[in-house]
Amino acid sequence: VKEAGRNNFHFYTGEMNAHALRWMSLEVHLRHAVERNELRLYFQPQVSLADGRVTGVEALLRWQSAELGMIPPGDFIPLAEDSGLILDIGTWVIEEACRQMKAWHAKGLPAMTVAVNVSARQFATGTVPAVVSKALRDNGVAPRWLEVELTESVMMHDSEHTQMQLNELSAMGVSISLDDFGTGYSSLGYLSRFRLDKLKIDQTFVKNITTDPRSAAIARATTALAHGLNLVVVAEGVETEGQLAFLRDMGCDKIQGYLFSRPLPVDELSVLLLEQRML
Ligand code: C2E
Ligand code: CA
Ligand code: CA
Ligand code: CA
């Protein structure tokens with residue numbers, strides 16, 4: 001029994017080492033990614049259903065690694081959070097978004113909001129308002145053009161500390177958007193306690209909205225709830241005309257999804273915005 005136990009143990013650590021090694025080497029690569037300029041922001045338009053125009057974009061992180069190729073955020077953000085690298089990366093995202101806004105303004109593109117995703121780990125440092133205010137100031141960008149997206153996990157985690165930072169961001173004039181609504185540890189208490197401006201209906205509900213009455217009911221109730229609280233409602237992951245019609249009918253304010261556009265590298269987004277301006 002002892003023998004078997006030992007073998008099992010060896011087998012187990014062998015597996016763990018392989019996993020840890022892969023994780024570690026990815027971490028080493030990720031550590032260099034910022035310095036080597038391998039991170040990029042892609043931008044996905046949000047379209048207002050009232051007039052069909054792009055009113056804002058969400059910045060989504062991409063890692064174009066020289067050695068490993070293109071790595072989607074779902075594959076490295078958990079690692080970045082575990083290793084603490086998310087702090088440098090998160091700061092870079094906020095700064096880069098503001099630099100980009102400055103460049104768009106300089107080109108005379110119509111002003112629009114840029115939403116950035118901020119992780120719970122980043123809020124835990126307590127430095128988000130300072131990082132945001134410096135990035136805005138350095139680039140001469142008015143706070144109302146920046147939007148911070150956070151998930152329910154952020155509010156769950158040390159909620160008093162988070163609440164202070166959100167209040168500070170709000171007071172500055174930055175908008176706060178609640179991402180992935182309904183997928184996490186939703187508590188209606190959060191909606192009353194935190195100053196929010198926008199609520200994003202998660203794509204899992206949108207995906208099934210035309211086929212599953214329960215997803216439809218959740219989306220409908222969420223929209224009513226959000227509107228009752230004066231929040232703008234955005235549906236994400238909109239892929240079909242059917243979903244769009246349903247969401248429009250339901251009173252959703254904005255949509256984001258492949259139906260209108262995938263997340264685009266900055267050059268392609270500029271082309272899209274210039275075309276819109278000429279319409
Ligand atoms: P998220 O914030 O919920 O972002 C929405 C995700 O849905 C994005 O995936 C986007 O490309 C994808 N998406 C948009 N429209 C559609 C659609 O019509 N259909 C489908 N199937 N997917 C659609 P992406 O870019 O791979 O990002 C995944 C997640 O990684 C994000 O989910 C967010 O949680 C995280 N993330 C991305 N960028 C950042 C960042 O800068 N900082 C942090 N902390 N997290 C980030
Ligand atoms: Ca998001
Ligand atoms: Ca989301
Ligand atoms: Ca998500």
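Numbers here are sequence positions counted from 1. Whatever order the structure lists ligands and atoms in, that order sets their numbers, starting from 1.
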Going by heavy-atom distance to atom 44 (N) of ligand 1, choose the closest among A235, S177, S119.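 Selected option, by shortest heavy-atom distance: S119.
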Closest by any non-hydrogen atom to atom 46 (C) of ligand 1: pick that one out of V154, I77, I94, I86.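 Shortest heavy-atom distance from atom 46 (C) of ligand 1: I77.
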Could you tell me whether the Ca ion (ligand 3) has an N, O or S atom of E149 under 3.0 Å away?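 No, E149 does not qualify, because none of its backbone or side-chain N, O or S atoms lies under 3.0 Å.
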Counting backbone and side-chain atoms alike, does D179 have an N/O/S atom under 3.0 Å from the Ca ion (ligand 3)?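 Given the 3.0 Å cut-off, D179 counts as a ligand of the Ca ion (ligand 3).
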E236, R262, Q256, E58 screened by side chain to side chain donor-acceptor pair (under 3.5 Å) with Q44, the one that passes: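 When side chain to side chain donor-acceptor pair (under 3.5 Å) is applied between Q44 and each of E236, R262, Q256, E58, only Q256 qualifies.
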Are any of the N/O atoms in [X] less than 3.5 Å from those in ligand 1?
X	result
E149	no
N117	yes
Q256	no

Atom indices of ligand 1 within 4.0 angstrom of [X] heavy atoms, with elements:
X	value
V93	41 (O)
E239	17 (C), 18 (O), 19 (N), 20 (C), 21 (N)
G257	15 (N), 18 (O)

For the Ca ion (ligand 3): the N/O/S atom of E236 at shortest distance: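 Closest to the Ca ion (ligand 3) among those atoms: OE2.
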Tell me, which N, O or S atom in D180 is closest to the Ca ion (ligand 3)?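 The closest N, O or S atom of D180 to the Ca ion (ligand 3) is OD1.
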Closest E58 atom to the Ca ion (ligand 2) [N, O or S only]: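 For E58, the N/O/S atom sitting closest to the Ca ion (ligand 2) is OE2.
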